[in-house]
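Here is the structure we will look at, set down as C-alpha cells.
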Amino acid sequence: MEKKQHVTDIVFILSLFCVFAVMALFVVVLGANVYQGISADMTANYNARTSIAYLGEKVRQNDVAGGVDLREVDGGDALVLVQQVEGREYETWIYVSDGMLREVTVAAGTQVHAGDGQEIMELNTLVLGREDGNLIGMEATDADGNVFKSAVSYRSGESGNL
C-alpha cells in the first residue's frame, strides 16, 4: 500500500512541475511578443520624431537671409538650404521619396529628382509649409501612419518661396 502512495506522490509532483513549466513558457512567449510590439513602436516614433528634429535643426543652422526655401521634388515637398562655399552657391535638398527621408547637396540651379538623394531614415510622407509669421510647419508620417507635427521659427526674414 505504501508503494502505491509513493507512485501517486511522484505523479502529482511531476504533473505540478509540467504545469509550472508550461506556464513559465507561456509567460516568456507573452513577454517576447510584448517586447516586439514595444520595440516596433519605439522605432517608428524614433524615425518620425528624429526627422522632425533634424529638419528643425537644419533650418536653425541655415537661418540667414536667403538660406531657407521650400520647393518641390517630383511633386513632394522639399526643404532647400542655400549655402555659399568659397564664392559658389550650393543647395541642400531634404525630401521624402520611396518611403525614405533623403538629402542631396548640389550646385545651385541643378535639377534634383526624387531618387538622387542619400537615404537618411524611413519616413512615409513629409509635408512642409509656411505658417503665419516666420514659422515653417512640418508634418511627418511614419510607416505605421502615425503623424508628428512641429513648427520651427526662422529669424532672418523671408526668402524664396517662404
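The chain is numbered in sequence order, starting from 1. Just so you know, these numbers use all the heavy atoms, side chains as well, and skip hydrogens, waters and symmetry mates.
For the atom pair NE2 (His113) and CG (Asp74), the distance works out to 7.0 Å, reported to the nearest 0.5 Å. Within the model, atoms CG of Asn124 and CG of Asp98 stand 11.0 Å from one another, a figure rounded to the nearest 0.5 Å. Distance OG/Ser153 to CZ/Arg60: 9.0 Å, rounded to 0.5 Å.
The two atoms that bring Leu81 and Lys58 nearest to each other are CD1-CB, 3.7 Å, heavy atoms only. Closest approach of Trp93 to Glu72, counting heavy atoms only: CZ3-O, 3.7 Å. Across every non-hydrogen atom of Thr125 and Thr141, the tightest pair is OG1-OG1, 2.8 Å. Closest of all the heavy-atom pairs between Val73 and Ala114 is CG1-N, 3.5 Å. Scanning both residues, Val59 and Val68, for their nearest heavy atoms gives O-CG2, 4.1 Å. Closest heavy-atom contact between Gly115 and Ser97: N-OG, 4.5 Å.
Leu55 is not listed as a side-chain neighbour of Val152, based on a closest heavy-atom distance of 4.5 Å or more. Proximity of Ile10 to Leu14: side-chain heavy atoms (C-beta onward) are separated by under 4.5 Å at one or more points. Ile94 places a side-chain heavy atom less than 4.5 Å from the side chain of Leu101. For the pair Tyr95 and Leu128, the minimum side-chain heavy-atom distance is 4.5 Å or more.
For residues 99-112, the side chain to side chain donor-acceptor pair (under 3.5 Å) pairs, not counting sequence neighbours, are Tyr54-Glu103, Thr92-Thr105, Arg102-Glu119.
The hydrophobic clustering, which links ILVMFWY residues whose side-chain heavy atoms are closer than 4.5 Å, places Met138 and Met121 together. Residues Leu70 and Tyr154 fall within the same hydrophobic cluster, defined by Ile, Leu, Val, Met, Phe, Trp and Tyr side chains chained together at heavy-atom separations under 4.5 Å. Cluster membership check: Ile136 shares its hydrophobic cluster with Val96, using side-chain heavy-atom separations under 4.5 Å among Ile, Leu, Val, Met, Phe, Trp and Tyr. Taken together through direct or relayed side-chain contacts under 4.5 Å among Ile, Leu, Val, Met, Phe, Trp and Tyr, Val82 and Leu79 form parts of separate hydrophobic clusters. Hydrophobic clustering keeps Ile52 apart from Val80 (ILVMFWY residues linked when any side-chain heavy atoms are closer than 4.5 Å, directly or through intermediates).
For the pair Ser39 (side chain) and Tyr35 (backbone), a donor-acceptor distance under 3.5 Å is absent.
Other members of the cluster containing Met23 are Val19, with ILVMFWY side chains joined at under 4.5 Å, either directly or via other members. Residue Val85 belongs to a hydrophobic cluster whose other members are Tyr90, with links defined by side-chain heavy atoms closer than 4.5 Å.
Partners of Ile38 by side-chain contact (heavy atoms from CB on, under 4.5 Å), not counting sequence neighbours, listed by chain and number: Val34, Met42. Scanning for side-chain contact (heavy atoms from CB on, under 4.5 Å) contacts around Glu122 gives Asn47, Met100, Ala143, with sequence neighbours left out. Taking the salt bridge (Lys or Arg N to Asp or Glu O under 4.0 Å) definition, one finds that Glu89 meets it with nothing, sequence neighbours left out.
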